[in-house]
Amino acid sequence: MSLSPMSLKRLHAVLILAATLVAALPARAAELVLFENAYCPWCTTFHHEIGAIYPKTDEGKRAPLRRVDTDKPIPPDLAFIERERLTPLFVLIDRGREIGRIRGYPGEDHFWGLLGVLLKKLDDGKSGSALEHDAGQRLRQPAQTAL
């Protein structure tokens, strides 16, 4: 099959337009990845206290919750996240990079504050280990369950 010079020009124009439109699309939104398992009482507490309302909040719209069962293989698109042997583990990601994490569930009041810090770092374009928060250090009781 041979294309005429005019058809090639049109095809070229269509490809340039398509590439421009794809480049203008927003990158994949941020996500709050929750690593959990069925034996985690703190995961259950999180879902009881926050799970139902999270998607309705500004935070939930900004970084939808994505649940990952630690008893199953990690999804390929999350392979860049360094896993830990505790649950719950909340990891804020954006465009294939980790912004920060919250280890354990510190209770409703502390959770929103820690998540706010991570979302601010997302706005500032920062990431890294300095943005890790260990919920267990904020409470006298353990806030995580070892795998």
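Note that the numbering runs from 1 along the sequence shown for the chain.
- Annotation for Leu86 and Leu89: closest pair O-CB, 4.0 Å, computed over non-hydrogen atoms.
- Residues Val68 and Leu34 form no side-chain contact, since every pair of their non-hydrogen atoms from C-beta on lies 4.5 Å or further apart.
- Listed by first and then second residue, the salt bridge (Lys or Arg N to Asp or Glu O under 4.0 Å) pairs that reach into residues 51-60 come to none, sequence neighbours excluded.
- Residues Arg101 and Glu82 form a side-chain contact, since some pair of their non-hydrogen atoms from C-beta on lies under 4.5 Å apart.
- At a threshold of 4.5 Å between non-hydrogen side-chain atoms, the residues Lys72 and Thr70 do not count as touching.
- Across every non-hydrogen atom of Ala30 and Pro64, the tightest pair is O-CD, 3.1 Å.
- Considering SG of Cys43 and CZ of Arg67, their distance stands at 8.5 Å, rounded to 0.5 Å.
- Evaluation of the salt bridge (Lys or Arg N to Asp or Glu O under 4.0 Å) rule for Lys61 yields no partner, not counting sequence neighbours.
- The shortest distance between side-chain heavy atoms of Ile50 and Glu108 falls below 4.5 Å.
- Ile74 places a side-chain heavy atom less than 4.5 Å from the side chain of Arg83.
- Ring planes of Tyr54 and Phe111: perpendicular class, angle over 60° (limits at 30 and 60°).
- Residues Leu65 and Phe46 form a side-chain contact, since some pair of their non-hydrogen atoms from C-beta on lies under 4.5 Å apart.
- Looking only at side-chain heavy atoms (C-beta outward), Tyr105 and Glu49 come within less than 4.5 Å of each other.
- Evaluated for a side chain to side chain contact (heavy atoms under 4.5 Å, CB included) with Leu92, the options Val117, Leu119, Ile102, Val33 yield exactly one hit, Leu119.
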(message) Applying side-chain contact (heavy atoms from CB on, under 4.5 Å) to Leu114 and Phe90, what does each step give before you reach the verdict?
(response) CA-CA 10 Å; Leu114 294 173; Phe90 301 89; over 6 Å; no
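- Annotation: side chain of Arg62 is in contact with side chain of Leu122 (closest heavy-atom distance under 4.5 Å).
- Phe35 pairs by the ring-ring contact (aromatic ring centres under 6.0 Å, His included) definition with nothing, not counting sequence neighbours.
- Residue Gly100 comes nearest to Leu118 through the heavy atom pair CA-CD2, 3.8 Å, listed as atom of the first residue, atom of the second, then distance.
- Across every non-hydrogen atom of Pro106 and Gly104, the tightest pair is CD-O, 3.7 Å.
- A salt bridge is absent between Lys121 and Asp94; no separation between the charged side-chain nitrogens and carboxylate oxygens falls under 4.0 Å.
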